[in-house]
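Below: the structure, in structure tokens.
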Amino acid sequence: MKIAFFSTKPYDKLFFGQENSAYGFQFNFFETHLGPHIVNAIEDEKVVCAFVNDKLNRQVIEVLAQKGVELIALRCAGFNNVDLEAAKEFGIQVCRVPAYSPEAVAEHTIAMLLTLNRKTHKAYNRVREQNFALNGLLGFNLHQKKIGVIGTGKIGKAFIKIALGFGAQIIAYDLYPDQQLTTQGVNYKSLDELFKESDIISLHCPLTSENHYLINSESLGKMKDGVTIINTSRGNLINTQDVIKALKERKIGLLGIDVYEQEEKLFFKDLSTTIIEDETIQLLMSYPNVLVTAHQAFFTTEALTEISQRTLRSISDLSTKGITDAEVML
Ligand code: NAI
């Protein structure tokens, strides 16, 4: 079985290479994103392994079908970048990794929150220059703060567990509240109440057509002055221009984003010698109370091991059983 990997990074080669000792698949690694420009490079691979910013639109899928590709194996949870209708029409199965180490994302969310609040990134640089002054490093306790968690699925729950350990009070919103969480002291409230009462808001829901730009001028207007917002979920949950306005007006006290509306042009790339034309991200990165990380919340040894194991198992299922249990259905 031959597999074509797209958007390949050195760590993909490492982790998939290690797991492949159990399977012996043949890998063909492409560093570029999958899209119309490269799809013809596929030769006799039966499987295409893609990541979050690969574009699997109808045009690409049609060529994949002509080339005899039978499976699109996404090495991520989200599948918004795949035209599932087209895949079905052309008889190509699509599988994904539905869950991999929710703790990895939850722990990174906490890391962002603590970095922004206690300013360890600034202290690190300051002390290296023998500046031992504390001015400008003042933070606040998480103990007894009200943290609003939007989306209480796997990652939201892992985040809540850690936040409860800090002694924070949790307000939650989810389309499907989890009764077990309420027995642990989590208070489900309406979105408006969550916006109004939270000192800190952390986003852990998927991006859907209903919650696109959930954080916008209107919802920001309902929040406390100086609110902290952390988004490790999806960039389009936040209207970036509205958030910049709220930062300028001091409505938002601290902002941490691991995801960004136009991240596909930036994230996962070393652009250190390039002029970045996206002025919005440049502006955000210039604010002292904003922390941007480049979609790295998932990036732990444990998560990459689970991703490679699960992806190769799904591919193996296809070759042995003709079906995989991680199939994405319409
Ligand atoms: P999950 O499916 O376990 O939980 C999602 C929860 O959100 C569910 O309880 C669902 O009912 C709820 N939900 C759905 N629509 C909602 C809405 N409109 N408002 C409020 N709640 C809503 O998903 P999981 O594993 O917890 O992942 C959450 C999100 O985290 C993913 O969709 C993805 O966007 C993001 N993610 C980010 C990563 C990163 O590296 N930054 C890595 C993995 C996931």
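Read the numbers this way: they start at 1 and go in the same order the structure lists the ligands and their atoms. On a predicted model such as this, the values are computed, not experimentally measured, just so you know. Quick note: residue numbers are just sequence positions, from 1.
Atoms of ligand 1 lying under 4.0 Å from any heavy atom of Tyr176, numbered from 1 in the order shown and given with element: 11 (O). Atoms of ligand 1 found under 4.0 Å from any heavy atom of Tyr100 (numbered from 1 in listed order, with element): 42 (C), 43 (C). Set against the non-hydrogen atoms of His295, the atoms of ligand 1 under 4.0 Å away are 39 (C), 40 (O), 41 (N). For ligand 1 and Ala297, the ligand atoms under 4.0 Å from any heavy atom of the residue are 39 (C), 40 (O), 41 (N). Listed by number with element, the atoms of ligand 1 under 4.0 Å from a non-hydrogen atom of Tyr173 are 19 (N), 20 (C).
The protein atom (non-hydrogen) at minimum distance from atom 9 (O) of ligand 1 is Asp174 OD2, 2.6 Å. Looking at atom 44 (C) of ligand 1, its nearest protein heavy atom turns out to be Ile155 CD1, 3.6 Å. Atom 22 (C) of ligand 1 has Cys205 CB, 3.6 Å as its closest protein atom, hydrogens excluded (heavy atom only). Lys154 CE, 3.6 Å is the protein heavy atom nearest to atom 25 (O) of ligand 1. The nearest protein atom to atom 4 (O) of ligand 1, hydrogens excluded, is given as Gly153 CA, 3.2 Å; this is a heavy-atom distance. Of all protein heavy atoms, the one lying nearest to atom 13 (N) of ligand 1 is Pro206 CD, 3.7 Å. Of all protein heavy atoms, the one closest to atom 28 (C) of ligand 1 is His204 O, 3.4 Å. At the shortest separation from atom 15 (N) of ligand 1 among protein heavy atoms lies Leu175 CD1, 3.5 Å.
Asp278 and Tyr260 are linked by a side-chain donor-acceptor pair at a separation below 3.5 angstrom, with hydrogens and angles left out of the test. Looking at Asp317 and Ser314, their side chains never bring a donor and an acceptor atom within 3.5 Å of each other. For the residue pair Ser272 and Asp270, a side-chain donor N or O sits within less than 3.5 Å of a side-chain acceptor on the partner. There is a side-chain donor-acceptor pair under 3.5 Å between His108 and Thr293. Asp242 and Ser217 share a donor-acceptor pair across their side chains, judged by distance under 3.5 Å alone.
By the 4.0 Å heavy-atom criterion, Ser233 is counted among the residues contacting ligand 1. The shortest heavy-atom distance from Glu210 to ligand 1 is not under 4.0 Å. For Leu207, the closest heavy-atom approach to ligand 1 does not fall below 4.0 Å.
Test Asn20, Ile307, Thr301 against Phe15 for side chain to side chain contact (heavy atoms under 4.5 Å, CB included) and you get one pass: Thr301. Test Leu194, Ile229, Thr228 against Met223 for side chain to side chain contact (heavy atoms under 4.5 Å, CB included) and you get one pass: Ile229.
The shortest N or O to N or O distance between Thr232 and ligand 1 is below 3.5 Å. Taking only nitrogen or oxygen atoms, main chain and side chain alike, Thr208 does not reach within less than 3.5 Å of ligand 1. Any N or O atom pair closer than 3.5 Å counts here, and Pro98 shares no such pair with ligand 1. Geometrically, ligand 1 and Gln296 share no nitrogen or oxygen pair separated by less than 3.5 Å. Taking any N or O of Phe298, backbone or side chain, at least one lies under 3.5 Å from an N or O belonging to ligand 1.
Listed for the Asp258 side chain is a donor-acceptor partner under 3.5 Å among the backbone atoms of His295. Asn81 places a side-chain N or O within donor-acceptor distance of the main-chain N or O of Val52, the cut-off being under 3.5 Å. For Arg118 (side chain) and Leu116 (main-chain N/O), no donor-acceptor pair under 3.5 Å exists by modelled atom type.
By the criterion of a heavy-atom distance under 4.0 Å, the side chain of Asp258, and not its backbone, is placed next to ligand 1. Neither the backbone nor the side chain of Phe299 has a heavy atom within less than 4.0 Å of ligand 1. Using a 4.0 Å cut-off between heavy atoms, Val105 contacts ligand 1 through its side chain alone, with no backbone atom that close.
With sequence neighbours excluded, the residues that form a side-chain contact (heavy atoms from CB on, under 4.5 Å) with Glu306 are Tyr100, Ser101.
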key: Derivation and outcome, side-chain hydrogen bond (donor to acceptor under 3.5 Å, both in side chains), residues Tyr213 and Gln241   = CA-CA 10 Å; Tyr213 284 171; Gln241 295 307 329; over 6 Å; no
task = Give the C-alpha distance, both sets of side-chain angles, the deciding distance and a yes or no for ring pair (Phe, Tyr, Trp, His ring centres under 6.0 Å) between Phe16 and Phe29.
result = CA-CA 11 Å; Phe16 275 91; Phe29 291 114; 7.9 Å; no
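Here the shortest heavy-atom pairing between Ile244 and Leu283 reads CG2-CD2, 3.7 Å.
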